[in-house]
Amino acid sequence: MPELPEVETTARGIGPHVIGRTLVAVCVHQPILRYPVAEDLSQILAQQTVVSLSRRGKYLLMQCERGHLLIHLGMSGCLRMQPTGHRLRKYDHLVWCFDHGEDLVFNDPRRFGLVLWTTENPFQHRLLAHLGVEPLTDSFHAEMLYAKAKTRKQSVKQFIMDHKVVVGVGNIYASEALFMAAIDPRRSCQRISLARYERLVMGIKQVLAAAIDQGGTTLKDFSSNHQPGYFQQSLQVYGRHDQPCVHCGNAIRQVHLGQRNSYFCAHCQR
DNA sequence: AGTGCGGCCTGTCCGC
DNA sequence: TGCGGACAGGCCGCAC
């Protein structure tokens, strides 16, 4: 499922194909996504040129001349470029046709994703306004986490997955980062020292950066779909219950935290 | 205000 | 072999 690294990789891959290009048509084949796609999206976007493509959390922001398109890939969404008129696949819900003979295609089997048009400042949009800091910036640091954790009564894993605290730490990378930081995911976020939060911040930055690096090499061709789980060969604990810990050999454990599967080594993580 | 949970949707897996 | 049911998963939005 697309987490922050996949979204970042998508932005980097798609950007050069769409920035500076002008839309000639938009075809909506399935308007029922997380929120309904605007009925008049095609009229709105026609003849608009794409100014920039950026990312905020797991949202893609396609800046056009008269507003922004907010795109979220949900659980199963992906974007790809293909020649105009090229045949569509199952679950290709939206197609943006550009003036240079390439189409941008939004595919999303589970339809947890969204495509919204907004003319306001996109960062003030209700879906983005309350998002926490970007994990790969200097604003994301241990002091900030430590201070915020003081008033919370959650496990540390639920805490770092809260998008009001820090964006883009999904279920997979939360488990991985906690393993790198040797912190038990069940531990109360209040009962973690500043020094351990330093390790956790480094773990989060490292695992996300590594995944973006891999995505950059694995997904450099944006004419094809994502390879599902392309980062999986690098996962140290996620999905590895009952398999040996790569550090100590003890069996990786699986527990539920806030309805989410969590994986950890009870020997290495305290 | 902080926290928990239902619901959206479909591919995959499991048991019969 | 085919079928039904459970499950996963991000994240909003409501209930407590």
Side-chain angles (χ1 to χ4, degrees), chain A residues 1-11 28-37 55-61 70-79 89-94 106-116 118 122-135 144-177 185-191 204 207-208 211 225-232 235 237-242 254-263:
Chain A
M1 72 295 324
E3 294 217 33
L4 184 144
E6 289 86 339
V7 180
E8 176 67 27
T9 303
T10 296
V28 181
H29 299 288
Q30 167 59 275
I32 309 302
L33 304 179
R34 168 174 282 279
Y35 303 105
V37 176
R55 178 189 63 71
R56 174 74 175 106
K58 295 182 189 173
Y59 289 86
L60 285 166
L61 283 67
L70 305 181
I71 302 173
H72 196 289
L73 300 176
M75 282 279 313
S76 56
C78 74
L79 291 168
R89 304 171 190 174
K90 201 175 182 184
Y91 311 122
D92 282 345
H93 304 316
L94 274 91
F106 176 84
N107 182 289
D108 184 11
R110 295 187 189 178
R111 287 193 265 143
F112 282 10
L114 63 84
V115 176
L116 293 177
T118 179
F123 301 105
Q124 312 265 293
H125 191 279
R126 66 178 184 88
L127 294 175
L128 305 193
H130 304 292
L131 293 181
V133 299
E134 287 287 334
M144 184 276 283
L145 275 190
Y146 185 70
K148 286 208 172 198
K150 277 184 193 165
T151 60
R152 306 292 196 105
K153 290 188 161 58
Q154 301 167 292
S155 70
V156 60
K157 175 157 180 281
Q158 289 171 292
F159 175 61
I160 60 170
M161 286 180 65
D162 185 336
H163 290 173
K164 292 194 279 299
V165 176
V166 53
V167 295
V169 182
N171 199 36
I172 294 175
Y173 297 125
S175 279
E176 294 298 312
R186 301 167 297 178
R187 177 177 283 273
S188 163
C189 66
Q190 292 183 338
R191 300 178 54 79
I204 290 171
V207 72
L208 292 178
N225 264 324
H226 287 189
Q227 303 272 322
Y230 63 88
F231 191 61
Q232 273 182 14
L235 298 181
V237 283
Y238 187 83
R240 297 193 63 247
H241 55 288
D242 294 338
Q254 176 183 5
V255 293
H256 276 275
L257 283 174
Q259 332 286 90
R260 291 282 180 272
N261 268 333
S262 307
Y263 302 88

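Proteins come first, then strands; the chains are lettered A, B, ... in the order of their sequence lines, and each starts at number 1. Any value given below was found using the heavy atoms of this structure, including those in side chains, with hydrogens, waters and symmetry copies removed.
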Original post:
How do A:Q30 and A:Q154 order along DNA chain B: which one's closest nucleotide is nearer the 5' end?
Top reply: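 It is A:Q154 whose nearest nucleotide is closer to the 5' end.
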Subject >> A:D162 bridged to A:K148 by N-O distance under 4.0 Å >> reply: no
Examine [N]: is either OP1 or OP2 under 4.0 Å from a nitrogen or oxygen in the side chain of [X]? Give yes or no.
X      : N      : answer
A:Y59  : C:dC12 : yes
A:Y35  : C:dG13 : yes
A:R110 : C:dG10 : no
A:H163 : C:dC11 : yes
A:K58  : C:dC11 : yes
A:Q158 : B:dG2  : no
A:N171 : C:dA8  : no

Between [atom2] of [N] and [atom1] of [X], the distance in whole Å:
X      : N      : atom1 : atom2 : value
A:M75  : C:dC7  : CE    : P     : 16 Å
A:R34  : B:dG6  : CZ    : C1'   : 12 Å
A:H130 : C:dG10 : NE2   : C1'   : 18 Å
A:H241 : B:dC13 : NE2   : P     : 13 Å
A:N261 : C:dC7  : CG    : P     : 11 Å
A:H256 : C:dG9  : NE2   : P     : 9 Å
A:K164 : B:dG4  : NZ    : C1'   : 12 Å

**OP:** Give a yes or no on whether a donor-acceptor pair under 3.5 Å exists between the nucleobase atoms of C:dG10, that is its base, and the side chain of A:R260.
**Re:** yes
For [X], report the nucleic acid contact type (base, sugar-phosphate, nothing); a contact means any heavy atom under 4.0 Å.
X      : answer
A:D108 : nothing
A:F159 : nothing
A:R152 : sugar-phosphate

**OP:** Flag the pair A:Q30 / A:D92 as yes when at least one side-chain heavy-atom distance between them is below 4.5 Å, and no otherwise.
**Re:**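 No; the side chains remain at least 4.5 Å from each other.
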Original post:
Would you call A:L73 and A:F106 a side-chain contact if the rule is heavy atoms closer than 4.5 Å?
Top reply: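 Yes; the side chains approach each other to less than 4.5 Å.
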Subject >> Among C:dG9, B:dT10, C:dC12, the one nearest A:R111 by side-chain distance >> reply: B:dT10
**OP:** Output the single nucleotide from B:dT3, C:dG10, C:dA8 whose closest atom is nearest the side chain of A:E3.
**Re:** C:dG10
**OP:** Please tell me which of A:Q254 and A:L131 maps to the more 5' nucleotide of DNA chain C, matching each residue to the nucleotide holding its nearest heavy atom.
**Re:** A:Q254
Original post:
With no hydrogens and no angle check, is any side-chain donor or acceptor of A:E176 less than 3.5 Å from a backbone partner on A:V237?
Top reply: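 Answer holds: yes.
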Original post:
Checking A:Q190 side chain against A:K150 main chain: does a donor-acceptor pair fall under 3.5 Å?
Top reply: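 It does hold such a pair.
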Subject >> Bracket string, DNA chain C, 5' to 3' - pairs by Watson-Crick or G-U geometry under 3.5 Å, | interstrand >> reply: .|||||||||||||||
Original post:
Quick one: does NZ or CZ of A:R126 land under 6.0 Å from the six-membered ring centre of A:Y35, within 45 degrees of the ring axis?
Top reply: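 Yes, A:R126 sits over the ring of A:Y35.
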**OP:** Please say which of A:L70, A:L94, A:V28 ends up in a side chain to side chain contact (heavy atoms under 4.5 Å, CB included) with A:V115.
**Re:**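 Checked A:L70, A:L94, A:V28 against A:V115; only one passes side chain to side chain contact (heavy atoms under 4.5 Å, CB included): A:L94.
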Subject >> Flag for A:K90-A:N107: side-chain donor and acceptor within less than 3.5 Å >> reply: no
Original post:
Stacking check: are the rings of A:F112 and C:dC11 less than 5.5 Å apart at their centres and under 30 degrees in tilt?
Top reply: no
